[in-house]
Amino acid sequence: MPELPEVETVCRGLAPLFEGQRFARVTLRRRDLRIPFPKGLAARVQGRRIEKVYRRAKYIVVALDGGDSLIAHLGMSGRMTIVARPRPFEAHDHVIFAMEDGTEVRFNDPRRFGLLTIAPTDALDGHALFRHLGPDPLDPVFTPEWLSAQLKGRKTTIKAALLDQRLVVGVGNIYACESLYRAGISPKRKAGTVAGARAEKLVPAIQQVLREAIAAGGSSLRDHVQPSGELGYFQHAWSVYGREGEPCRCGSKKAAVKRIVQGGRSTFFCPVCQT
DNA sequence: CTTTCGTCCTGACTGC
DNA sequence: TGCAGTCAGGACGAAA
């Protein structure tokens with residue numbers, strides 16, 4: 001799925017189409033994704049003008065006139081595709097946003113771990129989905145000091161901690177691996193021991209990794225299509241993710257990327273340069 | 001309180 | 001070619 005850079009890329013792709021336009025028609029082709037669509041969702045959205053599209057954590061927020069905001073999450077397999085000319089639906093096209101100019105945006109999600117809901121714009125921060133979220137890693141408040149304070153005393157691994165959205169949002173399995181590699185920190189290390197000097201390296205590592213991925217247009221594995229609607233999604237060159245057994249770029253002859261399972265999820269790292 | 005684990009769901013891939 | 005088993009970018013709630 002989409003982690004922070006992919007969601008950011010989707011938002012940036014949707015914004016020029018959405019902002020200033022009205023939703024002519026919204027079609028829900030099933031009654032739920034991960035959670036049920038709220039009653040009357042389509043009616044609340046149709047005819048509304050879109051004021052702004054932006055990202056909060058891994059959520060896409062679409063602020064509408066009239067005081068409501070749409071909230072979408074892509075889960076593991078969600079995609080937003082821009083369809084300029086009418087064409088048949090594809091499998092798992094669950095929600096269709098038809099614009100006044102005839103363009104459609106289709107929310108497709110095979111695994112249906114995604115989410116679409118609506119809430120009053122002035123109450124978003126206190127919304128159940130947002131309330132517990134930590135700072136955005138690209139926000140100035142995300143500092144080594146802040147991270148250190150959060151990690152202090154934590155017994156879980158630093159890899160697991162980075163996936164905890166209360167600590168910092170937007171970092172998923174791939175970027176957690178890549179950030180730890182960049183910082184030279186072992187994913188098996190106890191989170192508490194990263195507070196201090198290691199956090200000074202980790203915070204900029206996270207920010208660099210994410211910024212580079214955003215600059216690359218958002219990266220993808222197999223099923224994330226660019227919001228432009230074009231097929232041209234590309235492979236990102238990871239340093240460790242998905243590279244089990246390959247020599248590490250650190251250059252040590254003994255350094256091969258290793259895969260372990262932490263909390264039921266794959267972790268890739270170099271046992272030589274990450275300590 | 002913190003931490004781990006199972007679960008939601010489909011599709012792609014691997015190996016027999 | 002078929003089929004069973006495994007794994008996948010997330011996040012929630014239950015259990016320990």
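No experiment lies behind these values; they were computed from the predicted model shown. A note on names: the letters A, B, ... follow the listed sequences, proteins ahead of strands, and every chain is numbered from 1.
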| message | Tell me whether the side-chain N or O atoms of A:Arg34 pair up with the base of C:dA11 as donor and acceptor below 3.5 Å, since no angle test is needed here. | response | no
| request: Would you indicate which nucleotide in C:dA8, C:dG10, B:dT3 comes nearest to any side-chain atom of A:Arg259? | output: C:dA8
| request: Please determine if a side-chain N or O atom of A:His132 lies less than 4.0 Å away from the OP1 or OP2 oxygen of C:dA11. | output: no
| query | What integer distance in Å separates A:His127:NE2 from C:dC12:P? | reply | 12 Å
| remark: Separation of C:dG10 atom C1' from A:Lys159 atom NZ, nearest Å, is 12 Å
| note | From the list A:Tyr241, A:Trp238, A:Phe268, ring pair (Phe, Tyr, Trp, His ring centres under 6.0 Å) with A:Tyr175 holds only for A:Trp238
| message | Check A:Glu178 with A:Arg182, please: is the shortest side-chain N to carboxylate O separation under 4.0 Å? | response | no
| task | Ignoring the backbone of A:Tyr241, work out which of C:dA8, B:dT3, C:dG10 is nearest its side chain. | result | C:dA8
| Is there a donor-acceptor contact under 3.5 Å from the side chain of A:Arg22 to the main chain of A:Ala24? | no
| note | A:Asp109 CG to B:dG11 P, in whole Å, measures 11 Å
| message | If I take atom CZ in residue A:Arg166 and atom P in nucleotide C:dC12, what distance separates them, rounded to the nearest angstrom? | response | 10 Å
| Between A:Arg249 and A:Ser239, is any side-chain donor less than 3.5 angstrom from a side-chain acceptor? | yes
| request: Kindly say if A:Gln165 contacts the phosphate of C:dG10, meaning a side-chain N or O under 4.0 Å from OP1 or OP2. | output: no
| message | Using whole Å, what does the distance between atom C1' of nucleotide C:dC12 and atom CG of A:Leu33 come to? | response | 16 Å
| query | Which one, B:dT3, B:dT10, C:dG10, comes nearest to the side chain of A:Glu3? | reply | C:dG10
| request: Return the 5'-most residue of the pair A:Leu129, A:Phe268 with respect to DNA chain C, ranking by each residue's nearest nucleotide. | output: A:Phe268
| For C:dA8, does either OP1 or OP2 sit under 4.0 Å from a side-chain N or O belonging to A:Ser77? | no
| task | Please report, rounded to the nearest Å, how far the C1' atom of B:dT2 is from the CD atom of A:Gln150. | result | 14 Å
| remark: Annotated structure of DNA chain C as dot-bracket, pair cut-off 3.5 Å, Watson-Crick or G-U only, | for inter-strand, is .|||||||.|||||||
| Has A:Arg30 got a side-chain N or O lying under 4.0 Å from the OP1 or OP2 atom of B:dC9? | no
| message | Quick test of the criterion, 5.5 Å between centres and less than 30° between planes. Is A:Phe113 stacked on C:dG10 or not? | response | yes
| task | Could you tell me whether A:Gly264 contacts a base, only the sugar-phosphate backbone, or nothing, with contacts defined as non-hydrogen atoms closer than 4.0 Å? | result | nothing
| Given the rule in the side-chain contact (heavy atoms from CB on, under 4.5 Å) test, do A:Phe269 and A:Val240 qualify, once you have shown the distances and angles that lead to the verdict? | CA-CA 6 Å; A:Phe269 71 109; A:Val240 285; 5.6 Å; no
| request: Step by step, work out the side-chain contact (heavy atoms from CB on, under 4.5 Å) result for A:Thr267 and A:Thr157. | output: CA-CA 12 Å; A:Thr267 299; A:Thr157 63; over 6 Å; no
| message | Is the phosphate of B:dG11 approached by A:His92 (side-chain N or O, under 4.0 Å from OP1 or OP2)? | response | yes
| message | Taking B:dC1 as the reference, what is the distance to C:dA11 when you measure between their P atoms (whole Å, please)? | response | 22 Å
| message | What verdict does the side-chain contact (heavy atoms from CB on, under 4.5 Å) test give for A:Leu4 and A:Val171, after you've listed the backbone C-alpha separation in whole Å, the side-chain angles of each residue and the deciding distance to 0.1 Å? | response | CA-CA 6 Å; A:Leu4 183 153; A:Val171 179; over 6 Å; no
| For the side chain of A:Pro110, counting heavy atoms from C-beta on, which of B:dG11, C:dA8, C:dA11 is nearest? | B:dG11
| Approximate separation, where rounding is to 0.5 Å, of A:Ile260 CD1 and A:Glu244 CD | 11.0 Å
| Would you call the rings of A:Phe23 and A:Phe97 parallel, tilted or perpendicular if under 30° counts as parallel and over 60° as perpendicular? | tilted
| request: For C:dC3 and B:dC9, measure between their P atoms and round to the nearest Å. | output: 24 Å
| task | Please check the phosphate of B:dT2 (OP1 and OP2 only) for any side-chain N or O of A:Thr156 closer than 4.0 Å. | result | no
| field | Atom pair distance, as rounded to whole Å: CZ in A:Arg31 and P in B:dC9 | value | 12 Å
| Value in whole Å for how far the P atom of C:dG10 lies from CE of A:Met76 | 6 Å
| said: Side chain of A:Lys58 only, heavy atoms from C-beta on: which candidate in C:dC12, B:dT3, C:dA11 is closest? | reply: C:dA11
| request: May I ask you to verify whether the side chain of A:Arg112 and the base of B:dC9 hold a donor-acceptor pair under 3.5 Å? | output: no
